[in-house]
Structures are given as structure tokens and as C-alpha cells.
Amino acid sequence: MNYFFITGSSQGLGKSLTELLLEDTNNVVYGFSRNQTIEHSNFAHHSIDLSDLKQVQEYQFPTLKDNDKVVLVNNAGIVGEVGHIGSLDNQKIIDCYNLNLIAPSIITNNFISKYSEVKKLIINISSGAGRTPIDGWNVYCATKAGLDMFSQVINEEATINNDDLSILSLAPGIIDTGMQTTIRSSKKEGFSNIERFIEYKENGDLASPSDTAKQVLRFIKESELQQNVICSVRDLTN
Ligand SMILES: NC(=O)c1ccc[n+]([C@@H]2O[C@H](COP(=O)([O-])OP(=O)(O)OC[C@H]3O[C@@H](n4cnc5c(N)ncnc54)[C@H](OP(=O)(O)O)[C@@H]3O)[C@@H](O)[C@H]2O)c1
């Protein structure tokens with residue numbers, strides 16, 4: 001069996017990826033989010049607020065039998081409060097770092113520790129925003145840049161330790177999810193690019209979560225072919 005641990009499995013990209021994986025009866029998916037939206041015999045939901053680091057630290061990965069491969073997808077993320085620094089709510093800064101960067105770091109630590117003897121793949125869902133500065137998204141950009149660097153260091157460590165681990169930090173493109181709805185409803189004064197994001201929606205430029213999930217699945221299946229830890233669905237040529 002293949003075992004998948006997917007954060008943010010209740011909606012958007014994480015939900016579509018979970019549903020796609022569950023089409024294969026050899027896959028078992030453990031989902032992590034505050035809400036449960038999927039019922040399936042091969043799906044186990046864990047209700048958790050991933051911005052609450054006490055809850056994150058308390059989670060214990062299960063002991064698995066007959067596992068061919070274990071895959072962790074750190075997908076849950078929020079854009080956080082959109083606005084220029086100096087105008088932000090400090091608690092929202094903390095929540096965004098906790099969910100987008102600290103929770104994935106703790107979960108990755110516990111995942112690698114638990115499955116030390118097993119073939120492992122980690123996909124961190126990053127963003128182009130971690131590679132290009134966007135005003136109003138200061139904390140979001142920083143969390144995704146942090147996830148990119150974290151992933152690169154884990155890759156170095158796996159090589160040094162001869163660990164059977166592949167890791168990718170994957171930018172999924174622009175997807176028609178709740179996150180984009182949040183972005184479009186931001187205040188103009190704190191986000192100079194808002195019109196561009198409204199136009200993406202109006203022009204039909206946003207990818208569907210299900211199409212993006214298919215692209216993420218290709219990275220999961222072909223992870224050994226990937227040369228670079230830092231990657232994007234835009235790297236796919238067909
Ligand atoms: N949409 C885009 O255009 C885009 C572009 C680049 C990168 N990304 C990245 O893609 C990933 C998925 O985003 P999406 O667009 O699919 O977002 P989404 O539709 O808003 O879904 C976010 C998921 O994260 C979960 N989540 C949010 N806060 C949580 C919390 N405190 N604790 C536990 N789970 C929480 C949500 O579940 P609950 O609400 O049930 O907890 C939901 O399942 C994110 O990492 C995002 O940064 C998205």
C-alpha cells in the first residue's frame with residue numbers, strides 16, 4: 001500500500017488531490033484540516049488546527065504495515081492578512097507563519113523520524129510568491145521562501161545521511177480556490193496588484209483544483225526524475 005499524509009485536505013488543491021489519490025485502491029490517505037469534507041473507506045480524517053502548534057506537536061504518525069511508500073504533502077496554507085507591513089495585526093502574522101512554515105517543519109521532523117526505515121517522499125506546496133516579492137503579501141512570501149529553503153536543506157541532509165527520501169518544493173500555479181477569493185477581496189491600498197488578480201478570474205486564467213491535482217500527482221509519480229528541489233507545475237512540458 002501507499003500511504004499519503006495531506007494537510008489542508010478539506011478544500012481546494014488538497015481536497016482535489018485527496019480525491020484523485022483515492023481513485024486508486026492501493027492508496028490510503030490521512031487528511032488534516034479543521035473541517036472534514038471527504039468520506040471514503042481509504043480516508044482517515046484528523047481534525048486539527050495547524051496554526052495551533054500545541055496540536056501540531058501532539059500529533060503522532062501511525063505505525064504502518066505493508067507500506068511500499070509514504071508520502072507527506074504539506075499543502076495547507078493561507079495568504080494571511082493582505083496589507084503593507086506596519087498595518088498588520090500581529091496575531092495574524094503569527095498564525096500565518098505557524099500554519100505555512102512552522103507546522104510543516106514540525107510535521108516533517110516527526111514524519112522523517114517515524115518512517116526512518118521507509119522510502120519517503122515529501123512534497124511541500126510552495127508558491128511563485130516565495131520566489132518573487134509581491135507587496136501586501138510580505139508574510140506569505142516569506143513563509144513560502146522559507147519552505148523552499150527548508151526543502152533544499154532537508155534534501156542536503158538526506159544525501160549526507162543516505163536516507164531514502166525525495167523532497168520537492170512545488171509551486172502549483174494560480175488555482176481557482178478559496179485563497180484566490182480571499183486575495184480578490186483584499187483592500188486596494190494594501191495590495192497594488194489586486195486588479196491583476198481580479199482579471200485572472202475574469203479572463204479564465206485560473207487553473208481548476210482538479211487539473212492542478214493531476215499535475216501534482218505527476219510530480220509524486222515522477223519525483224525521482226526531478227533534478228531540482230525547487231520546482232513548479234510550469235516545468236511540465238506536456
Ligand atoms: N490558490 C492559489 O492560487 C495558490 C497559488 C500558489 C500556491 N498555493 C498554495 O496551495 C496550497 C493550497 O491552497 P488552496 O488554494 O487550495 O487553498 P484553500 O482552497 O483555501 O484550502 C486551504 C486548505 O488548508 C486548510 N487550512 C487552512 N487553515 C488551516 C488551519 N489553521 N488548520 C488546518 N488546516 C487549515 C483548509 O482546511 P480547513 O479550513 O478545513 O481547516 C483547506 O483544506 C497552499 O499552500 C497555498 O499557499 C495556492
Side-chain angles (χ1 to χ4, degrees), residues 5-20 29-38 43 45-59 72-82 91-92 94-108 122-132 134 137 139-148 150-151 168-186 193-194 196-201 204-213 215-216 219 230-234:
F5 298 87
I6 301 182
T7 66
S9 52
S10 66
Q11 50 172 310
L13 175 59
K15 183 179 186 191
S16 293
L17 181 62
T18 299
E19 290 173 334
L20 187 60
V29 182
Y30 291 80
F32 302 81
S33 50
R34 292 165 299 184
N35 301 291
Q36 177 169 10
T37 60
I38 297 176
F43 179 72
H45 174 75
H46 187 76
S47 185
I48 185 167
D49 181 346
L50 293 164
S51 66
D52 178 345
L53 300 181
K54 189 166 177 289
Q55 290 184 41
V56 175
Q57 289 182 80
E58 280 169 1
Y59 177 73
L72 169 63
V73 183
N74 283 309
N75 161 76
I78 51 170
V79 71
E81 184 177 7
V82 176
Q91 188 57 50
K92 288 181 180 160
I94 292 167
D95 290 346
C96 191
Y97 275 107
N98 282 355
L99 176 65
N100 290 12
L101 185 56
I102 300 178
S105 304
I106 293 170
I107 292 168
T108 299
I122 299 172
I123 305 268
N124 288 328
I125 299 297
S126 181
S127 171
R131 302 164 194 174
T132 307
I134 298 172
W137 295 8
V139 173
Y140 181 67
C141 290
T143 62
K144 294 301 186 179
L147 206 53
D148 280 354
F150 180 71
S151 307
L168 299 176
S169 198
L170 174 63
I174 307 175
I175 324 161
D176 198 359
T177 65
M179 178 178 280
Q180 286 294 326
T181 309
T182 305
I183 289 166
R184 288 193 301 275
S185 63
S186 312
N193 284 292
I194 189 165
R196 185 152 61 90
F197 281 82
I198 291 169
E199 281 169 19
Y200 286 149
K201 175 69 173 173
D205 292 338
L206 302 178
S208 73
S210 57
D211 282 349
T212 307
Q215 293 176 310
V216 174
F219 280 87
I230 306 296
C231 55
S232 164
V233 295
R234 295 185 176 133

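Whatever order the structure lists ligands and atoms in, that order sets their numbers, starting from 1. If you read the sequence from its start, that first residue is 1, and numbering goes on from there.
For Glu199 (side chain) and Lys201 (main-chain N/O), no donor-acceptor pair under 3.5 Å exists by modelled atom type.
Counting heavy atoms closer than 4.0 Å to ligand 1, residue Ala171 contributes nothing at all. Under 4.0 angstrom from ligand 1, the non-hydrogen atoms of Pro172 all belong to its side chain. Residue contacts with ligand 1, taken as heavy atom pairs separated by less than 4.0 Å, do not involve Thr7 at all.
Atoms of ligand 1 lying under 4.0 Å from at least one heavy atom of Leu13, given by number and element, are 16 (O). Close contacts between ligand 1 and Ile174 involve ligand atoms 3 (O) [criterion: under 4.0 Å to a heavy atom]. Residue contact check: Gly12 has heavy atoms under 4.0 Å from atoms 16 (O), 19 (O) of ligand 1. Residue Gln180 has at least one heavy-atom neighbour below 4.0 Å for each of these atoms of ligand 1: 2 (C), 3 (O). Within the listing of ligand 1, atoms 9 (C), 10 (O), 11 (C), 45 (O) sit less than 4.0 angstrom from a heavy atom of Ile125.
When only non-hydrogen protein atoms are considered, atom 6 (C) of ligand 1 lies nearest to Gly173 O, 3.5 Å. Of the protein's non-hydrogen atoms, Met179 CE, 3.4 Å is the one closest to atom 46 (C) of ligand 1. Looking only at protein heavy atoms, the nearest one to atom 33 (C) of ligand 1 is Ile48 O, 3.3 Å. Shortest contact from atom 40 (O) of ligand 1 to any protein heavy atom: Ser10 OG, 2.7 Å. When only non-hydrogen protein atoms are considered, atom 23 (C) of ligand 1 lies nearest to Gly8 CA, 3.7 Å. The protein heavy atom nearest to atom 34 (N) of ligand 1 is Ser33 CA, 3.7 Å. Looking only at protein heavy atoms, the nearest one to atom 32 (N) of ligand 1 is Leu50 N, 2.8 Å. Here the protein heavy atom with the shortest distance to atom 44 (C) of ligand 1 is Asn75 O, 3.1 Å.
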**Request:** List the steps, then state whether side chain to side chain contact (heavy atoms under 4.5 Å, CB included) holds for Arg131 with Ser126.
**Result:** CA-CA 9 Å; Arg131 302 164 194 174; Ser126 181; 3.6 Å; yes
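Compare Arg34, His46, Lys15 by their heavy atoms: the one nearest to atom 27 (C) of ligand 1 is in Arg34.
Backbone and side-chain nitrogen or oxygen atoms of Ile175 are examined, and one is located within less than 3.5 angstrom of a nitrogen or oxygen of ligand 1.
Within the 4.0 Å heavy-atom cutoff, Ala129 does not count among the residues contacting ligand 1. Remark: distances from the non-hydrogen atoms of Lys144 to ligand 1 include one below 4.0 Å. Ligand 1 lies less than 4.0 angstrom from a heavy atom belonging to Ser126.
Proximity of Ser208 to Asp176: side-chain heavy atoms (C-beta onward) are nowhere separated by under 4.5 Å. In this structure, Leu50 and Ile107 have side chains that are in contact, with non-hydrogen atoms separated by less than 4.5 Å.
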